Amino acid sequence: MSDPKIRVRFAPSPTGFLHVGGARTALFNWLYARKVGGEFVLRIEDTDQERSTEESYAAILRGMEWLGLDWDEGPGAGGDCGPYLQSERLDIYREHIDALRTDGKLYPCYCTSEEIKGRNLAKGEDAFAGYDGHCRELTTEQRSAYEAEGRDPSWRLRTPDQDSTFWYDIVYDKKEFPNSSLTDRVVLKKDGFPTYNFAVVVDDHLMGISHCLRGDDHVSNTPFQIHVYQALGWTPPKFGHMPMILGPDRKRLSKRHGATSVEEFAGMGYLPDAMVNYLALLGWSAGGSGDEVFARTELIKKFSLKKVNSSPAAFDYDKLNHINAQHLKRLEPAGRLRLVEPMLAERGWELDPAWLVPAATTSDYLGRVLNLLGGRFSNLLRVPEQIGFFFSDDFAVEAEASAEHLAGEETKTWLTGLAAKIEAAAPVDQAASVEIYDEAVRAFAEELDIKAGDLIHPCRVALTGTTRSAGIFEVMELIGAPRTVARLRGAAAQ
RNA sequence: GUCCCCUUCGUCUAACGGUUAGGACACCGGCUUUUCAAGCCGGCAAUACGGGUUCGAUUCCCGUAGGGGAUGCCA
């Protein structure tokens, strides 16, 4: 109660779509905030003028919304610490840059990155060996000389060479870097924009962020940022670095592994809840043994930063598919209906009273169909093909199924005979029940002296076009006697 | 090159220094049977390697190997 407010943030840069790695980082922040009753801030880090785009910004918001990760402060949500776009906070950064400059903690650097690389190479070092401190101790005359050449400086923070910098990471525990391995990084670019490493510190501090939870790729930025906090006279927040997500081959997750943006997953028929559930399982576990399929509320209840582990995790579609199927199966009938109804509208599928089925409206009918199919759905994208034959006679018949079960002349006679039996048994003006079909089929099988299955298998193909379906008598009930009879005759006539 | 990190079944992971190293996905088998799923039951499968410390290491330390990250006026 007396603890200072827990505030976390997700701070993507709008230079691409919302990547699953970023989404997972956002998710852990969100889960933590929701778990402890803290606040979740969304901030857009668009200090890279060249790469930041409006499209990307919009795509990231869409991705967050699709996942259902709502933010308490940020674009569209308001808040007392705005603006939440770094490009709109330039005067704030400028103010703190000026303060540091006045304190003599910054120095101008006139080098281009090519010059730095060139010098590293000349010294026999790797080109990426880092900044060599070339402008660190420039005299006033030297600076004037550079200025006279027309060079605009960037500004670097002077960091110590001795001792080391450490912090206690939520995930890694103690992390320590020798200061000798740190270079004086740029905090203010030539274009007047702050660098990420500066803006992130100013914003996290000014926005009252208590826990900075970010990707593992930021670990080695942290010591420099701690020096920025110190230069500004501020106390750093707690840091926690989340493990990376790798591709199935344990290489950095990239396009060649398939989908990497959350919107692609949306388009692939995954449920947001399933995606959230699966992502949470990458680098975190509820511990112990048992079920791993969690509703959002359960996830919040169970989540703990302490259980986030430090090893990178490989993305696994098999498990995602399983989690997705489980979520689809556990959906409330009303929720499932809401998801599927648009698919009907799209295809113009609706109930026809002539079918004589036990439902009054299209929605009722769909409800019964979905109820019958129940746990058979594993992916939203496959739903239309799974329910199509209930609504339309224009459904695909698998060639192999047809060849195996419908080709025989004998079979055709049976189906014709069965059609007549059903026609006789089913009322002409009302829906017939499962029992009527069941009896009709079994009685006819007995009459023919064949196994019920010998009749049932061809029926299934004739009625659904496949060899895989729910109980065939239930299917008959739901497609109705007129269509059942017609499809049996149609198959026999092939 | 330098700095940092990671390593338990194929994959995600659990395990106060003492467990027959547990669960989940995938895979295999069985049950059921009106097919396919689902479900239930069962099975296969791991502590990267080498040294220490310890009565006892998956667990602590060192090294090796493999993988990842950083080393940007990208974030």
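What you see is a predicted model; the values in this text were computed from it and never measured. Lettering follows sequence order; numbering is per chain, from 1.
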Residue pairs fulfilling side-chain hydrogen bond (donor to acceptor under 3.5 Å, both in side chains) with at least one residue in residues 268-282 of chain A, sequence neighbours excluded: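 Listed by first then second residue: A:Y270-A:N321, A:D273-A:R296, A:N277-A:H327.
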List the protein contact pattern of nucleotides 6-14 of chain B with one symbol per nucleotide (5' to 3'): B for base contact, S for sugar-phosphate-only contact, - for none; contact means a heavy-atom distance under 4.0 Å. SS---SBSS
With B for base contact, S for sugar-phosphate-only contact and - for none (protein heavy atoms under 4.0 Å), nucleotides 38-50 of chain B reads SS-----------
Taking the [atom1] atom of each, how far is [N] from [M], in whole Å?
{"N": "B:G68", "M": "B:U11", "atom1": "P", "answer": "15 Å"}
{"N": "B:U58", "M": "B:U20", "atom1": "P", "answer": "13 Å"}
{"N": "B:G67", "M": "B:A21", "atom1": "P", "answer": "31 Å"}

Look only at the side chain of A:R24 and the backbone of A:P243, and say whether a donor-acceptor pair between them is shorter than 3.5 Å.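 Flag set: sc A:R24 to bb A:P243 pair under 3.5 Å.
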Only pairs under 3.5 Å count here: list side-chain donor-acceptor contacts from residues 122-130 of chain A, not counting sequence neighbours, and write none if there are none.
from, atom 1, to, atom 2, distance (Å)
A:D126, OD1, A:F128, N, 2.9

What is the pairing partner of B:A15, taking Watson-Crick or G-U wobble pairs with both distances under 3.5 Å in any strand?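 Paired with B:A15, as far as the under-3.5 Å criterion goes, is no nucleotide at all.
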Who does B:U54 pair with, Watson-Crick or G-U, both distances under 3.5 Å?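 Its partner: none found.
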Under 3.5 Å, which protein N or O atoms sit close to an N or O of nucleotides 70-72 of chain B? Give each pair with its distance.
from, atom 1, to, atom 2, distance (Å)
B:A70, O4', A:S220, OG, 3.0
B:A70, O2', A:S220, OG, 2.8
B:U71, O2, A:F128, O, 3.0

With a 4.5 Å limit on heavy-atom distance, are the side chains of A:F177 and A:L182 in contact?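 Yes - at least one pair of side-chain heavy atoms lies under 4.5 Å apart.
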With sequence neighbours excluded, residues passing side-chain hydrogen bond (donor to acceptor under 3.5 Å, both in side chains) with A:N120: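 Per chain and number, A:N120 pairs via side-chain hydrogen bond (donor to acceptor under 3.5 Å, both in side chains) with no residue.
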Please report, rounded to the nearest Å, how far the C1' atom of B:A37 is from the CG atom of A:N379.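 Spelled out: CG on A:N379 to C1' on B:A37 is 14 Å.
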Between A:K189 and B:C74, is there a contact of a side-chain N or O with OP1 or OP2 at under 4.0 Å?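 For B:C74, OP1 or OP2 has a side-chain N or O of A:K189 closer than 4.0 Å.
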